[in-house]
Amino acid sequence: MVVIRKESVNSIPILEVVQEKKLVEKLPLAIFVHGFTSAKENNLHIAYLLAERGFRVVLPDAPYHGERDQGLGEKELSGRFWDIVIKTIHEVNTIKDFYVAGGLASPSEIGLAGTSMGGIVTLGALTQYDWIGAAVSLMGSPSYRDMAGWQVDELRKRGYQLPFTDEELAGRIDALGPYDLSLQPEKVGGRPLLFWHGEADSVVPHRYAWEFYEKLMKESGETAEIAFVSEKHAGHKVTQKGTYALVDWFADHLGRTKESAAKEEAAVELFNS
């Protein structure tokens with residue numbers, strides 16, 4: 001049986017999803033970050049599938065989202081988008097530390113993933129933390145500065161009045177550099193990285209992730225543990241194919257889940273022989 005526990009880690013509201021019989025065991029940990037204007041509860045289907053595969057899954061609420069909602073409208077949230085991203089990057093580290101220190105997560109078996117804004121958080125976190133053993137970006141972008149500039153243009157087209165001068169905006173975009181994975185691809189460091197993205201996505205353009213993937217493949221070659229699942233007609237919504245690609249990626253690339261899968265396959269082969 002898979003159980004869901006509502007908890008708080010250093011004032012960060014989370015849902016912990018894990019098999020009941022493994023509740024107090026040290027397990028591979030998967031942290032999954034939701035998208036912009038979403039909440040942790042909206043990704044329980046992904047957490048359930050990962051828990052079935054032996055993971056302890058943690059779903060946090062990002063700042064100003066879910067239980068941390070402060071009544072801000074979408075326009076106000078849009079102006080704080082990158083502040084939310086950066087703060088969440090630091091908060092996933094806090095969550096990791098909590099579960100490792102508590103003996104509930106193996107420090108060598110930790111995955112980070114997310115949808116849209118959560119995918120952006122995931123890719124930025126790769127520039128900061130070596131503890132990420134495998135990562136999955138669903139509809140994310142590694143190109144922080146380029147995407148931020150594109151977002152500003154899009155908001156202006158819609159008539160949004162951003163509360164910053166042009167000089168302030170330029171400074172804020174420039175400050176994203178340390179978290180911009182496209183500017184420091186070496187930070188991937190050979191770690192397993194999966195992208196899923198719909199080519200018809202109008203919210204987070206497909207091109208940022210795709211161009212980065214092509215660059216990585218050109219530099220790393222076929223030996224790189226990098227994959228891109230692209231769906232031509234998919235928009236800004238993760239398909240079933242994307243969901244199962246994420247679950248399989250973590251199961252195939254993180255510690256004991258990978259070993260367990262290999263043992264299960266060996267047992268099946270022995271039984272059938």
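Positions are given from 1 along the sequence. Values reported hereafter were calculated over all heavy atoms of this structure, with side chains retained and with hydrogens, waters and symmetry mates removed.
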Exercise. Are the side chains of V18 and V57 in touch, meaning some heavy atoms are under 4.5 Å apart?
Worked result: no
Exercise. With sequence neighbours left out, what residues match D69 under salt bridge (Lys or Arg N to Asp or Glu O under 4.0 Å)?
Worked result: none
Exercise. Heavy atoms, side chains only, cut-off 4.5 Å: are F228 and W196 in contact?
Worked result: no
Exercise. Just checking, R172 and F164: is the charged tip under 6.0 Å from the six-membered ring centre and within 45° of the axis?
Worked result: yes
Exercise. For Y48, does the OH atom sit with more than 12 other heavy atoms under 6.0 Å from it, leaving out its own atoms?
Worked result: no
Seminar exercise, completed: Residue set satisfying salt bridge (Lys or Arg N to Asp or Glu O under 4.0 Å) with D248, at least two apart, ordered chain then number -> R53
Exercise. How about F32 and V136: do any of their side-chain heavy atoms sit closer than 4.5 Å?
Worked result: no
For this session: Fit a plane to each ring of W210 and Y213, take the angle between them on a 0 to 90° scale, and name the class: parallel (under 30°), tilted (30 to 60°) or perpendicular (over 60°).
Result: tilted
Show the atom names and distances, to 0.1 Å, of all donor-acceptor pairs under 3.5 Å that link a side chain in residues 176-184 to residues at least two apart or in another chain.
| residue | atom | partner | partner atom | Å |
| --- | --- | --- | --- | --- |
| Y179 | OH | H90 | NE2 | 3.1 |
| D180 | OD1 | S182 | N | 3.0 |
| D180 | OD1 | S182 | OG | 2.4 |
| D180 | OD1 | L183 | N | 3.4 |
| D180 | OD2 | Y144 | N | 3.1 |
| D180 | OD2 | R145 | N | 3.0 |
| Q184 | OE1 | K187 | NZ | 3.1 |
| Q184 | NE2 | G177 | O | 3.4 |
| Q184 | NE2 | P178 | O | 2.9 |
| Q184 | NE2 | D180 | O | 3.4 |

Problem set entry | Minimum side-chain heavy-atom gap Y129-I110 below 4.5 Å | no
For this session: Report yes or no: do H206 and S230 form a side-chain donor-acceptor pair below 3.5 Å?
Result: yes
Problem set entry | Residues forming a salt bridge (Lys or Arg N to Asp or Glu O under 4.0 Å) with K157, sequence neighbours excluded | E154
Mind listing the side-chain donor-acceptor pairs of residues 58-67 below 3.5 Å, one per line with the distance, residues two or more places apart or on another chain?
| residue | atom | partner | partner atom | Å |
| --- | --- | --- | --- | --- |
| D61 | OD1 | K40 | N | 3.1 |
| D61 | OD2 | K40 | NZ | 2.5 |
| D61 | OD2 | E67 | N | 3.0 |
| Y64 | OH | R80 | NH1 | 3.0 |
| H65 | ND1 | P63 | O | 2.7 |
| H65 | NE2 | T37 | N | 2.9 |
| E67 | OE2 | K40 | NZ | 2.7 |

For this session: Please name all residues satisfying salt bridge (Lys or Arg N to Asp or Glu O under 4.0 Å) with E231, sequence neighbours left out, ordered by chain then number.
Result: none
Problem set entry | Nearest heavy-atom neighbours spanning Q19 and G54 | NE2-N, 3.8 Å
